[in-house]
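Following: one structure in structure tokens, then a few remarks.
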Amino acid sequence: MSAVLPHPVAPGHDHDHDHDHDHAHGQPHGWRRWLFATNHKDIGTMYLVFAFTMFLIGGTLALLIRLELFQPGLQYFNPELFNQFTTMHGLIMVFGAIMPAFVGFANWMIPMQIGAADMAFARMNNLSFWLLIPAALMLASGFFLPGGAPAAGWTLYAPLTLQMGASMDSSIFALHLMGASSIMGSINIIVTILNMRAPGMTLMKMPMFCWTWLITAYLLIAVMPVLAGAITMTLTDRHFHTSFFNPAGGGDPVMYQHIFWFFGHPEVYIMILPAFGIVSQVVPAFARKRLFGYTSMVYATSSIAILSFIVWAHHMYTTGMPVTGQLFFMYATMLISVPTGVKVFNWLATMWRGSMTFEAPMLWAVGFIFVFTMGGFTGLICSMAPIDIQLQDTYYVVAHFHYVLVAGSLFGMFSGFYYWSPKWTGVMYNELRGKIHFWTSLVFFNLTFFPMHFLGLAGMPRRVADYPMQFTDFNQVASIGGLCFGLSQVYFLLFIVIPVMRGKGEPAPQRPWEGAEGLEWEVPSPAPWHTYETPPKLDRTATKVIG
Amino acid sequence: MAQTPELRRKNRRLGIALFTVALVFGLGFFAKAMWFGL
């Protein structure tokens with residue numbers, strides 16, 4: 001892959017030392033290069049390839065769900081298999097696609113953006129990635145075990161999880177491994193950012209992508225162990241005669257929900273904050289202005305992260321909590337819209353009177369702001385206890401979180417891919433194809449998920465394979481939209497990703513975007529295998545190398 | 001370039017501290033639940 005070919009010496013690279021270095025640790029070739037990878041760029045590439053593969057698998061499951069829902073009645077799958085599809089779609093997308101993809105971005109970009117030679121713990125970085133492969137295999141193996149894959153929903157609620165077959169055990173182990181991988185990745189990112197920044201790169205001069213990832217990594221360390229604890233208790237309930245969540249033994253299934261959502265709500269921000277970081281880099285580059293309100297962006301991101309710990313029970317209004325509890329979680333949830341609003345208005349203010357152009361990265365970033373904000377508004381609606389009690393477990397909620405996670409996380413990642421892929425691969429992607437990918441994705445995304453608001457308001461429940469006749473039209477629109485959205489992503493793979501990975505396209509200049517600032521644009525394209533082997537000297541803004 | 005011994009030590013210290021936090025959150029939470037209930 002041209003994305004990772006060796007390249008002439010980069011700024012901050014010690015020539016004499018380089019000679020010795022290449023003799024001592026020559027770049028490995030063949031399968032050894034990937035299996036024993038310690039280079040952050042190689043590991044980043046592996047993360048991104050893994051995540052995209054999981055995205056296609058999870059997407060295929062989504063299309064099977066939409067196929068069944070194309071018509072009322074049961075056409076292709078029985079309800080048990082349908083529930084396995086919804087569960088596995090959620091688990092694969094959250095733990096296999098979105099989270100690893102952002103770690104891939106972090107691996108590629110954070111060392112280059114802060115002027116570090118590599119991640120702090122290069123071998124642990126390798127282990128973090130390779131743990132994902134057995135985890136993914138264990139997760140997917142559920143379909144082939146007696147009783148089929150887990151069908152308790154991605155939230156793995158008890159007591160359903162206590163009644164599932166062997167696949168629940170393999171899924172729990174898979175989540176343990178993925179959690180361990182995430183924790184190791186987070187430790188690596190925090191240590192790299194705090195200890196390995198180039199002299200002059202103070203925290204408040206750091207690119208926003210590094211800031212959002214630093215905060216995300218702290219969130220991960222705080223909540224992944226909680227999930228691990230909860231699913232381990234599920235495991236002991238299943239096999240070791242405990243009754244944490246088993247009502248038959250005096251356990252409390254609602255307690256599982258509290259623990260799960262103490263993890264689950266920060267998890268939502270784990271999946272969106274790095275996308276905020278990407279958009280905060282792309283918008284200034286294409287508006288040709290500095291980011292408006294950098295400091296407030298940092299504090300807003302931190303506020304969102306802190307508030308994410310005190311809102312978990314807004315997922316549980318219908319479990320019978322006291323009204324005072326509902327009020328607390330309702331107001332706390334609404335409070336998150338304040339720092340989120342700060343971010344959205346800062347992006348808009350950055351664009352205000354900017355000299356804007358709309359290449360693919362900017363299209364995705366603007367698309368992100370537009371559609372993510374819609375998901376934010378429906379989130380506010382869902383935060384209100386009296387309304388949410390009506391909307392709980394309907395398609396309105398499905399529409400809401402897909403507006404946040406697809407239009408948020410995924411659109412943010414696409415923006416990042418188009419923005420940084422010239423640096424990764426050394427070639428420019430085809431701009432027309434990038435625009436086709438954006439517009440088809442935007443239109444078909446809305447075609448898929450916008451009708452779900454109406455379905456939810458009319459009372460269509462989620463995770464049910466059948467529905468009454470009156471819901472047919474909107475379901476058919478959603479299914480057609482879903483199929484076309486999926487085809488857009490196949491187009492992206494075949495006509496954009498594969499060509500640039502093969503090095504086909506115009507050679508990319510060192511700084512392909514006129515308004516882009518940051519240390520990643522101070523190295524040639526493609527980025528050399530080793531960058532910033534000696535700490536670079538930075539200018540006052542910490543965006544340029546001066547020696 | 002390999003990390004200097006000083007940087008390596010500094011990294012290791014912070015890494016172990018963060019790992020301990022994760023371990024205490026996870027194992028501590030689970031152990032507390034096992035011994036004293038949730």
Side-chain angles (χ1 to χ4, degrees), chain A residues 12-14 17-18 20-21 24-25 116-122 124 176 179-180 182-184 186-196 217-218 220-233 235-236 240 242-245 250-252 255-256 258-259 262 530 532-535, chain B:
Chain A
H13 197 104
D14 186 325
H17 178 80
D18 178 56
D20 297 340
H21 182 90
H25 317 282
D118 205 309
M119 298 296 279
F121 304 111
M124 190 168 83
H176 278 142
S182 287
I183 289 169
M184 285 193 283
S186 304
I187 291 173
N188 225 334
I189 287 167
I190 293 173
V191 176
T192 305
I193 290 177
L194 293 187
N195 284 355
M196 296 180 64
Y218 277 117
L220 272 165
I221 286 180
V223 299
M224 284 311 290
V226 176
L227 174 72
I231 57 178
T232 307
M233 287 177 221
L235 199 66
T236 60
F240 301 104
T242 58
S243 290
F244 291 115
F245 311 127
D252 184 3
M255 178 55 83
Y256 176 85
H258 280 290
I259 301 170
F262 185 79
H530 292 296
Y532 301 122
E533 292 234 356
T534 52
Chain B
M1 188 185 69
Q3 295 170 14
T4 60
E6 189 194 355
L7 179 61
R8 198 183 291 270
R9 262 197 304 277
K10 208 171 143 193
N11 286 348
R12 198 176 299 146
R13 266 204 303 272
L14 182 56
I16 290 170
L18 292 167
F19 184 68
T20 309
V21 170
L23 213 59
V24 167
F25 277 20
L27 281 182
F29 171 51
F30 182 68
K32 184 258 172 196
M34 286 299 274
W35 281 319
F36 304 110
L38 275 168

* Portion of A:Met255 that has a non-hydrogen atom of chain B nearer than 4.5 angstrom -> side chain
* Considering only heavy atoms from C-beta outward, does the side chain of A:Phe245 approach that of A:Ile259 to under 4.5 Å? -> yes
* For the student: nearest non-hydrogen atoms of A:Thr192 and A:Asn188, plus distance -> OG1-O, 2.5 Å
* Asked: Can you find a heavy atom in the side chain of A:Ile189 that is under 4.5 Å from one in the side chain of A:Leu220?
  -> no
* Other residues, nucleotides, ligands: >12 heavy atoms within 6.0 Å of B:Phe30 CZ -> yes
* Region of A:Thr236 in contact with chain B, defined by heavy-atom distances below 4.5 Å -> side chain
* Measure distances from A:Tyr256 to the heavy atoms of chain B and classify the residue's part below 4.5 Å as side chain, backbone, both or neither. => neither
* Derivation and outcome, side chain to side chain contact (heavy atoms under 4.5 Å, CB included), residues B:Asn11 and B:Leu7 -> CA-CA 6 Å; B:Asn11 286 348; B:Leu7 179 61; 3.8 Å; yes
* Could you check which of A:Met196, A:Met124, A:Met224 has the highest count of heavy-atom pairs closer than 4.5 Å to chain B? => A:Met196
* **Interface moiety of A:Ile183 toward chain B, non-hydrogen atoms closer than 4.5 Å** => side chain
* At a heavy-atom separation under 4.5 Å, does A:Leu227 approach chain B through its side chain, its backbone, both, or neither? -> neither
* Structure fact -> Cut-off 4.5 Å, heavy atoms of chain B, and the answer for A:Ala222 is both
* From CZ (A:Phe262) to CZ (B:Phe29), nearest 0.5 Å -> 9.0 Å
* Asked: At a heavy-atom separation under 4.5 Å, does A:Ala120 approach chain B through its side chain, its backbone, both, or neither?
  -> both
